[in-house]
Amino acid sequence: QLYLEESGGGLVQPGGSLRLSCAASGHTSSSYTMGWFRQGPGRERKFVAAVSWSGRATFYADSLKGRFTISRDNAKNTVYLQMSSLNPDDTAVYYCAADLNGSSWYDNPHEYDYWGQGTQVTVSS
């Protein structure tokens, strides 16, 4: 199995930046796509970003492209989400997920096989 653990969430002021990390353990030698999703209070879980195993292909929700950057360091078994120009609408629990099947539907949470427990991000003054 693959185990995922997010970290780096917390309280940040509007306009600020925050960097989330997701550490993977288990059979980390497998090639997998990593995605970030978020879920606000009373909302559905939504796609944020995804990165291929090589790190050379990245994908973003249209509304977030330009503010969020996803990257990964396979030597550290870690994926990152750099968030900037944060606003209160970004407040949510952020989850990382791994897709071991190489699906092209990277924005569909049902395509992902393993999930972390989530980390809370709150944007408020």
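The structure places OH of Tyr95 at 8.5 Å from CD of Glu6, a figure rounded to the nearest 0.5 Å. For the atom pair OH (Tyr94) and CG (Leu18), the distance works out to 9.0 Å, reported to the nearest 0.5 Å. One finds the CZ atom of Phe68 at 5.5 Å from the CG atom of Leu86 (value rounded to the nearest 0.5 Å). Put simply, OH on Tyr80 and CG on Asp73 are 5.0 Å apart, with the number rounded to the nearest 0.5 Å. Distance OG1/Thr119 to CG/Leu81: 11.0 Å, rounded to 0.5 Å. Here OG1 of Thr33 is found 7.0 Å from CZ of Arg72. Values are rounded to the nearest 0.5 Å.
In the displayed structure, Gln82 atom CD is contacted under 6.0 Å by more than 12 heavy atoms of other residues, nucleotides or ligands.
When all heavy atoms are compared, the tightest approach of Gly40 to Ala92 is N-CB, 3.8 Å. Closest of all the heavy-atom pairs between Val93 and Gly118 is CG1-CA, 3.8 Å. The two atoms that bring Gln117 and Leu4 nearest to each other are OE1-O, 3.7 Å, heavy atoms only. Nearest approach of Ser17 to Val12, heavy atoms of both residues: O-CG2, 3.8 Å.
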>> Go through it in stages, so that I can follow the logic: the residues are Val121 and Asp90, the test is side-chain contact (heavy atoms from CB on, under 4.5 Å), and I'd like the CA-CA distance, side-chain angles, deciding distance and then a yes or no.
In response: CA-CA 8 Å; Val121 173; Asp90 296 317; 5.6 Å; no
> For Ser52 and Ser54, what are the C-alpha separation, side-chain angles and deciding distance, and is it a side chain to side chain donor-acceptor pair (under 3.5 Å)?
Replying inline: CA-CA 5 Å; Ser52 66; Ser54 69; 3.3 Å; yes
> Between Tyr106 and Asp99, does a side-chain contact (heavy atoms from CB on, under 4.5 Å) hold up when you go through it step by step?
Replying inline: CA-CA 8 Å; Tyr106 51 83; Asp99 174 16; over 6 Å; no
>> Let's go through Phe59 and Val51 carefully: what are the C-alpha distance in whole Å and the side-chain angles of both, what is the deciding distance for side-chain contact (heavy atoms from CB on, under 4.5 Å) to 0.1 Å, and is it a yes or a no?
In response: CA-CA 6 Å; Phe59 312 91; Val51 60; over 6 Å; no
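Residues satisfying the side-chain hydrogen bond (donor to acceptor under 3.5 Å, both in side chains) test with Asn101, not counting sequence neighbours, are Asp113.
Sorted by first and then second residue, the pairs that involve residues 5-44 and meet ring pair (Phe, Tyr, Trp, His ring centres under 6.0 Å), not counting sequence neighbours, are Phe37-Phe47, Phe37-Tyr112, Phe37-Trp115. Residues in residues 94-125 take part in these disulfide (SG to SG under 2.5 Å) pairs, two or more places apart or across chains: Cys22-Cys96.
With hydrogens and angles disregarded, no donor-acceptor distance shorter than 3.5 Å links the side chain of Thr91 to the backbone of Thr122. Arg67 places a side-chain N or O within donor-acceptor distance of the main-chain N or O of Ser85, the cut-off being under 3.5 Å. When atom types are taken as modelled, the side chain of Ser125 and the backbone of Gln13 share no donor-acceptor pair closer than 3.5 angstrom. Although no hydrogens or angles enter the test, the distance criterion places no donor-acceptor pair under 3.5 Å between the side chain of Asn87 and the main chain of Gly15.
Counting heavy atoms from C-beta on, the side chains of Thr69 and Met83 never come closer than 4.5 Å. By the 4.5 Å heavy-atom criterion applied to side chains, Tyr60 and Thr58 are counted as neighbours. Between Gln120 and Leu11, the closest side-chain pair of non-hydrogen atoms is not below 4.5 Å.
Taking 4.0 Å as the cut-off between side-chain N and carboxylate O, Asp107 and Lys46 do not count as a salt-bridged pair.
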